[in-house]
Amino acid sequence: MSLPGPLVAIVGPTASGKSELADRVAQALGSSVVSIDAMQVYRGMDVGTAKTPVDERRRPLLMVDVVDITCDYSAQRFQQTARQVIDDLLADGVTPVLCGGTGLYLNAVIDDMRFPSGAIGGTRRRHYEQLLDAMGADALHAELARRDPQSARLIHPHNARRVIRALEMQDEGRSYAQHHQGLHARRPWYDARIWGIELDRDELYRRIDRRVDEMFAHGLVEEVERLVGQGLRERRTASQAIGYKEVLQALDGELTLDEAREVIKRRTRRYAKRQISWFSHDERVRWIRADDLERAVSLVVDEVSSEGPEASKDEDDGTVQAF
RNA sequence: GGCUGGGUAGCUCAGUUGGUAGAGCAGGGGACUGAAAAUCCCUGUGUCGGGGGUUCGACUCCCUCCCCAGCCA
């Protein structure tokens with residue numbers, strides 16, 4: 001049984017030029033772009049997430065502005081809605097163009113990733129967080145080791161966030177270790193053609209610096225002020241986003257605006273490194289340089305259109321290490 | 001021109017009574033199934049400004065030159 005598809009995915013580190021490439025590819029395919037980004041889902045978070053402005057979009061941009069910042073989103077919710085969106089496009093006979101840098105969300109959508117069904121968060125999580133404060137990370141990890149030694153072995157004691165998650169799963173009668181597959185062993189859910197944008201580190205960092213400066217020029221501070229009125233400070237997910245967190249600190253007088261700008265750049269660089277690390281361990285990704293946009297567009301487009309939706313077997317066709 | 005401080009890892013600096021160097025930050029690498037732009041782990045050799053000398057041995061002492069900062073002319 002062949003997988004649904006095909007679909008195209010453009011991935012890569014932040015500020016590498018994914019959005020433009022994806023938009024152009026979607027234009028060529030008469031399709032839409034599906035954003036794979038944990039922060040662009042939030043309504044009102046625009047300049048800080050580098051969301052392509054409406055009037056610059058050649059094709060519809062989906063999976064952005066789907067919730068208010070007061071909502072604490074999750075990978076599972078993203079999986080559900082994004083798959084619905086993708087399936088609708090496929091049903092219309094077009095090739096969806098996914099685009100984004102949130103590795104977990106990408107894999108949650110295009111791979112067979114199953115989340116436990118129980119509820120999340122709420123009082124139980126608060127309970128564990130209080131426990132963490134009271135006993136410390138090592139003791140909490142020891143508690144996990146007592147209840148679920150297999151999972152405890154997979155999680156570093158200091159990674160309290162994941163320790164808590166594993167304890168929650170244990171409460172649901174599940175084990176983190178059972179669901180854990182690592183990045184390598186994932187089964188595809190869709191027939192996805194994944195392209196990664198590659199560029200020199202120096203050039204990437206220059207682009208990041210430029211982008212951050214542009215965000216300030218385009219009203220990042222005003223955007224944050226506006227969102228504060230909507231409760232940004234109280235939200236744990238939205239308020240920790242790069243750019244938002246630091247401007248919030250600046251508004252609180254903990255940083256000067258210039259310091260905030262530097263911290264944002266540094267944090268973005270590190271984020272980019274994590275993205276590269278995540279995507280470079282997926283063997284399906286074919287890396288391309290986007291120096292020549294036209295060439296990149298036709299490379300991606302030709303690859304799907306030459307085969308047609310039928311010939312979509314998920315085989316490793318000699319993986320072009322494109323130019 | 002004279003005096004006084006300084007010149008040690010990309011940056012800021014430590015370096016004990018002479019035994020060929022070490023922190024913070026930056027940077028690099030990695031993990032990853034419900035917060036993921038999050039969370040967590042690993043990672044520090046550089047002509048100790050140049051040259052000469054003393055010494056078994058000098059980043060550490062002496063001489064000299066170069067550079068920087070401040071003060072005095």
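In this text the structure is predicted, and so the values were computed from the model without any measurement. Protein chains get the first letters and strands the later ones, always in sequence-line order, with residue 1 at the start of each.
Residue A:Asp72 contributes atom CG, which lies 15 Å from atom P of B:A37 at whole-angstrom precision. Note: CG (A:Leu154) to P (B:U33) measures 9 Å, nearest angstrom. Atom CZ of A:Phe115 is separated from atom P of B:A35 by 9 Å (rounded to the nearest Å). When rounded to the nearest whole Å, the span between CG of A:Leu104 and P of B:A36 equals 8 Å. Put simply, CE on A:Met63 is 14 Å from P on B:A37, counting in whole angstrom units. Rounding to whole angstrom units, CD of residue A:Glu129 and C1' of B:U39 are separated by 13 Å. B:A36 atom C1' lies 15 Å from atom CD of A:Gln79, rounded to whole Å. In this structure, A:Gln275 atom CD and B:G28 atom C1' are separated by 17 Å, rounded to whole Å.
With P as the reference atom, B:G6 and B:G29 are 38 Å apart, rounded to whole Å. Look at the P atom in both B:C72 and B:C61: the space between them is 29 Å, to the nearest Å. The C1' atoms of B:A21 and B:C40 are separated by 31 Å, rounded to the nearest whole Å. The C1' atoms of B:C42 and B:C32 are separated by 15 Å, rounded to the nearest whole Å. Distance noted for atom P between B:G22 and B:G15: 15 Å (whole Å). Between the P atoms of B:U45 and B:G57, the separation comes to 27 Å (whole Å). Separating the P atom of B:C63 from that of B:U20 is a span of 25 Å, rounded to the nearest Å. Across the C1' atoms, B:A14 and B:C25 are found 15 Å apart, a figure rounded to whole Å.
The residue A:Gly48 sits close to a base: some heavy atom pair falls under 4.0 Å. Contact annotation for A:Asp111: no contact, since no heavy-atom pair falls under 4.0 Å across all strands. Nucleic acid contact class of A:Arg267 (heavy atoms, under 4.0 Å, all strands): sugar-phosphate only. Residue contacts shown for A:Thr49 include a base, since a base heavy atom lies under 4.0 Å away. Using a 4.0 Å heavy-atom criterion, one finds that A:Tyr205 contacts the sugar-phosphate atoms exclusively. A:Tyr244 comes within 4.0 angstrom of no nucleic acid atom, judged by non-hydrogen atoms across all strands. At the heavy-atom level, A:Arg269 lies under 4.0 Å from the strands shown only through sugar-phosphate atoms.
Checking the phosphate oxygens (OP1, OP2) of B:A31, no side-chain nitrogen or oxygen of A:His156 falls inside 4.0 Å. Taking side-chain N and O atoms only, A:Thr102 has a distance below 4.0 Å to OP1 or OP2 of B:A37. At least one side-chain nitrogen or oxygen of A:Arg270 sits closer than 4.0 Å to the OP1 or OP2 atom of B:A26. Applying the 4.0 Å criterion to OP1 and OP2 of B:A36, one finds that A:Tyr105 has a side-chain N or O inside that range. Residue A:Arg274 places none of its side-chain N or O atoms closer than 4.0 Å to OP1 or OP2 of B:G30. Between A:His180 and B:U33 there is a side-chain polar atom (N or O) within less than 4.0 angstrom of OP1 or OP2. Within the structure, a side-chain polar atom (N or O) of A:Arg201 is placed less than 4.0 Å from OP1 or OP2 of B:G28. The shortest distance between the side-chain N/O atoms of A:Ser277 and the OP1/OP2 oxygens of B:A31 is below 4.0 Å. Within the structure, every side-chain polar atom (N or O) of A:Arg165 is placed at least 4.0 Å from both OP1 and OP2 of B:A35.
Within the 4.5 Å cutoff, the side chain of A:Arg165 has no heavy atoms near those of the A:Ile155 side chain. In this structure, A:Arg147 and A:Asp171 have side chains that are in contact, with non-hydrogen atoms separated by less than 4.5 Å.
Judged by Watson-Crick or G-U wobble contacts below 3.5 Å, the nucleotide B:A9 has no partner. Shown here, B:C48 forms no base pair; nothing in the strands shown gives a Watson-Crick or G-U wobble contact with both key distances under 3.5 Å. For B:U16, there is no paired base (Watson-Crick or G-U wobble, both distances below 3.5 Å). Base pairing analysis places B:U60 opposite nothing; no Watson-Crick or G-U wobble pair with both distances below 3.5 Å involves it.
For the side-chain hydrogen bond (donor to acceptor under 3.5 Å, both in side chains) criterion with A:Glu168, the lone passing option out of A:Arg124, A:Arg125, A:His127 is A:Arg125.
Counting only heavy atoms from C-beta on, A:Ser74 has its side chain closest to B:A35 among B:A36, B:A35, B:C40. In the set B:A31, B:U39, B:U33, the nucleotide with an atom closest to the side chain of A:Asn159 is B:U39.
Taking a cutoff of 4.0 Å between a charged side-chain nitrogen and a carboxylate oxygen, A:Arg146 and A:Glu143 qualify as a salt bridge. One finds a salt bridge joining A:Arg261 and A:Asp213 here, because a Lys/Arg side-chain nitrogen approaches an Asp/Glu carboxylate oxygen to under 4.0 Å. With respect to the salt-bridge test (charged N to carboxylate O, under 4.0 angstrom), the residues A:Lys51 and A:Glu56 do not qualify. For the pair A:Arg284 and A:Asp111, the salt-bridge criterion is met [side-chain N within less than 4.0 Å of a carboxylate O].
Counting atom types as modelled, A:Lys273 pairs no side-chain N or O with a base atom of B:G30 as donor and acceptor under 3.5 Å.
In this structure, A:Gln150 places its CD atom where only 12 or fewer heavy-atom neighbours from other residues, nucleotides or ligands lie under 6.0 Å away.
Atoms CZ and CG, from A:Arg153 and A:Asp148 in turn, are 9.0 Å apart once rounded to the nearest 0.5 Å.
Taking for each of A:Ile276 and A:Met215 the nucleotide of RNA chain B with the nearest heavy atom, the 5'-most of the two is the partner of A:Ile276. Ranked by how close their nearest RNA chain B nucleotide is to the 5' end, A:Gly243 and A:Met113 are led by A:Met113.
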